[in-house]
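One structure is given here, and the rest of the page talks about it.
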Amino acid sequence: MSDNVVHLHKHTPTPATEDRPTLAVVEAAPAVPLWVRSGRAARTAITHEHTKTAARAVVRHNMYVLGGARIVARRTWDSRTASRYERMLRAAEAAGNYEVAAEWEERGQRFREARHRRRMDLLRAPVAMAKGAVVGTGVGMGTLVALGVVLACANKDITDVVTPLMAVVEFIRLLITIVAIVWGPMVTIGPILALLGLWTVGRHQQAAPTWALPTSARSSEGEPITPSIVVKALRDLGVPALRNAIKEMGDAGAAMLSPIVIAGCGVELDVTLPSGVSTIEVQNRRRKLAENLSRHEHEVFITIPEAARTVRLWIADSGALDEPIGPSPMVTDETLTADYKKGRAPWGQDLRGDAAALSLFQRHLLVTGLSNQGKTASLRALALWAALDRTVEFRIADLKGVGDWAMFDGLATVLIQGPADENVIEATEMVEGLVVEMNRRIEARRLDPKAVFAPLIGIVDEAQVAFMCPVKDEENRPYGGSKATSRYFMAVRKVHNQGRAVDVILWEGTQDPTDQNLPKLVREGAHTRASLALGTESQARMALGDKAVDGGAAPHLLRQGLDKGTLVVASDGIEIPKGQSSLTVRTHYIDDDQAEAIINRAKALRDGVTTLHVIDRDEERDPLADIADVVGDASRVLTQDVLKRLAALDADVYGTWSFIDLKRVLEGTGAEPYKSDGRMVVGRDRIQRALAERDETDSASAAE
């Protein structure tokens, strides 16, 4: 039995002890050996935070001294040799700048010539010093003797002749005494002072491993971007060819960098990569580069400018991208108006802090992104600006149906809201109505090449609902899908193909792009493509195209939920820095109340618009009543606008109507079109009077 365990056994009762209480069995816990307890205590002491802190401090301060010695030795070597000029020469050659390389070669040659002259002077120095000493001693002795003679004559004491000489001797003896006293402590203190100097240099340069530095030194959040920091970040990027090239350049790796300039809430610079390093190798290491620069991944943007072997870095100030931008000019300036043809919509700011304005003139638009990232708000902001141009007509299908576009009621000629299949059918017929109007305008342009048309913008928000709709019509043609039989797909393609020539434009907003909910032909038909945060690079390529992504566009690297309203734009309608294929824009957010106020201002610019919420398809039309309906409360409406509104009301019946058809229907009713300010219009009062007279005539006929 072990010595560390005591067993109290329960005895079997005997006749003599049956009435005695029995003892319960108790087993003592095994004792922990002393060596185990000592090991645990040692392990606890070693792993304690105080022990780690002390160990880091010891390593840190020792490395300060060693690093300081290395830095001082390197500086001394650079000052005494031509190695600095050699590094600069190699850096210039690696960058392909041969003019600068020739300049550094010339400087190095001048340094070597000056060094040669100094060495020759040192070789001749002993002889010159000996001659100088002899001459100086002779002159000095003569001067002291002459001074002694003068003193002796003045004091009439012959011993004063040697007084100046003895004073010099005493002074020399005093100096020797002082040196003898100070030499001992200096020999002791000198090395300590030298180590302290090396420690100071090493501490200033943080010449210690990162893990050994104090927390405050290791946290370089918000550290200013300097050439040395960028060079170190590139050197530690994990690209062997880049690391070796920078190592050969030494500190002259900064020769790869253009001047670092302030750009908005960050800085921007171009990096010319050494031969053998491709730009894609740097692009693929964006996160590591950002961490090397003490930034988060979303705070570093890498694009490819026109220059070969060059990447452009935009590095944000730490935390700057989490700060909101200011309100939209449409909110702050109530007098602001729009010009669809020549103006640009104030969409937001680029990363440099400059205003980002987008031209909408004759450009189909596609905005995509993950759900709840600000897609509708970004798309609606453009429509709000365009609404401030009184000539622009809107036909809108909101297939989300939660009221994001409700403020356009009374401004848009068509407003469909809802995600149901019936809403998709109406949205499809709305886009087909755009095709009918487009064909009418093309025919009018054929007859009159100088014909000018008012802008007509169709908007389909949440277009993926239309593409994914499984419903088929009476002829078994699907409304959704991406085949030639799909009604919505084919209508969109037709508008994309020819609509812009006659100012019939289509804007679409869609979620989470795939080949199923955003067919290739549709997304490539958009002139302006913008994307908010996406999940994958393949989705980014679908949204913006291969060229933009290969050029540095990276909506898939935006932070979902944190970068709401930030989108990457690929378009010739926005000013993009030369050589780049895309621009990152932080859009102004306009809430529902602000949007309502802007739309009220836009409505004040118009005579009044009747908004259709349901597209009637089967009922027999009453042309005169329909004309009165589309004229609405306006005193008079241009005949062109009447025709457009009739086409929006029922494309099948009125889509092919021309001015002649309108005149034919109104002829003889007293409501014929007439000229006002030199333009043909239809008057509300005349239409109402014609309807009333017709009703009276019908009633009289019925009574007879």
Side-chain angles (χ1 to χ4, degrees), residues 364 366 376 379 383 393-406 408-409 412-440 456-497 499 504-511 513-514 516-519 521-523 525 610-621 626 629-630 644-657:
H364 301 303
L366 172 65
T376 297
L379 187 62
E393 177 190 353
F394 289 97
R395 301 182 188 180
I396 301 173
D398 175 16
L399 297 182
K400 184 189 298 181
V402 295
D404 290 333
W405 297 87
F408 280 81
D409 193 359
T413 53
V414 176
L415 179 59
I416 299 164
Q417 300 181 89
D421 290 341
E422 180 65 23
N423 302 122
V424 173
I425 294 173
E426 292 175 343
T428 301
E429 293 179 345
M430 183 196 79
V431 179
E432 290 175 339
L434 295 179
V435 176
V436 172
E437 173 63 16
M438 176 189 72
N439 292 334
R440 186 192 70 79
L456 172 58
I457 299 178
I459 302 175
V460 181
D461 195 10
E462 306 296 340
Q464 76 280 354
V465 178
F467 283 113
M468 300 296 288
C469 180
V471 177
K472 297 182 179 180
D473 63 11
E474 297 82 357
E475 299 177 2
N476 206 32
R477 295 174 57 198
Y479 286 93
S482 58
K483 296 182 179 179
T485 56
S486 168
R487 290 180 59 177
Y488 180 79
F489 171 75
M490 291 306 297
V492 171
R493 289 292 301 139
K494 290 176 181 178
V495 174
H496 279 178
N497 287 339
V504 176
I505 307 301
L506 181 62
W507 297 356
E508 290 182 290
T510 183
Q511 289 184 18
T514 64
Q516 288 71 39
N517 62 28
L518 188 59
L521 292 177
V522 171
R523 59 182 185 250
T610 302
T611 299
L612 303 179
H613 297 279
V614 177
I615 298 179
D616 298 322
R617 295 177 293 276
D618 298 326
E619 63 181 17
E620 186 174 346
R621 309 304 316 190
D626 287 342
D629 190 21
V630 298
K644 288 190 297 184
R645 295 176 187 181
L646 287 173
L649 183 66
D650 193 328
D652 293 334
V653 176
Y654 301 117
T656 59
W657 269 34

Check side chain to side chain contact (heavy atoms under 4.5 Å, CB included) between [X] and all other residues, then give those that pass, not counting sequence neighbours.
X	answer
Lys483	Thr485
Val471	Asp421, Ile425, Cys469, Tyr479
Ala383	Phe394, Trp405, Phe408, Ile459, Trp507
Val436	Ala651

Compare every heavy atom of [Y] with every heavy atom of [X], then report the nearest pair and how far apart it is.
X	Y	result
Thr413	Ala648	OG1-CB, 4.3 Å
Phe489	Gly481	CB-O, 3.5 Å
Val431	Ala491	CG1-CB, 3.5 Å
Ala427	Leu399	CB-CD2, 4.1 Å

What pairs with [X] under side-chain hydrogen bond (donor to acceptor under 3.5 Å, both in side chains), at least two apart in sequence or on another chain?
X	value
Asp398	none
Arg645	none
Asn517	Thr514
Glu437	Arg440, Arg441

Legend entry - Asp409 (side chain) donor-acceptor with Ala406 (main chain) under 3.5 angstrom: no
Inset, instruction - Determine yes or no for a side-chain-to-main-chain donor-acceptor pair under 3.5 angstrom, with Thr611 supplying the side chain and Ala412 the backbone. - result: yes
Gap separating the [atom1] atom of [X] from the [atom2] atom of [Y], nearest 0.5 angstrom:
X	Y	atom1	atom2	result
Trp657	Leu646	CH2	CG	6.0 Å
Ile505	Met438	CD1	CE	11.0 Å
Met490	Glu432	CE	CD	10.5 Å
Thr376	Asp461	OG1	CG	3.5 Å

Inset, instruction - Could you pull out all residues at least two apart from His496 that satisfy ring-ring contact (aromatic ring centres under 6.0 Å, His included)? - result: His364
Legend entry - Any residue meeting salt bridge (Lys or Arg N to Asp or Glu O under 4.0 Å) with Lys400, in chain and number order, not counting sequence neighbours: Asp404, Glu462
Legend entry - side chain to side chain donor-acceptor pair (under 3.5 Å) pairs, two or more places apart, involving residues 468-478: Asp473-Arg487
Legend entry - Flag side-chain contact, heavy atom, 4.5 Å: Met430 against Val460: yes
Legend entry - Flag side-chain contact, heavy atom, 4.5 Å: Phe467 against Val522: yes
Legend entry - Criterion side chain to side chain contact (heavy atoms under 4.5 Å, CB included) on Leu366 and Leu518, from CA distance to verdict: CA-CA 10 Å; Leu366 172 65; Leu518 188 59; 3.8 Å; yes
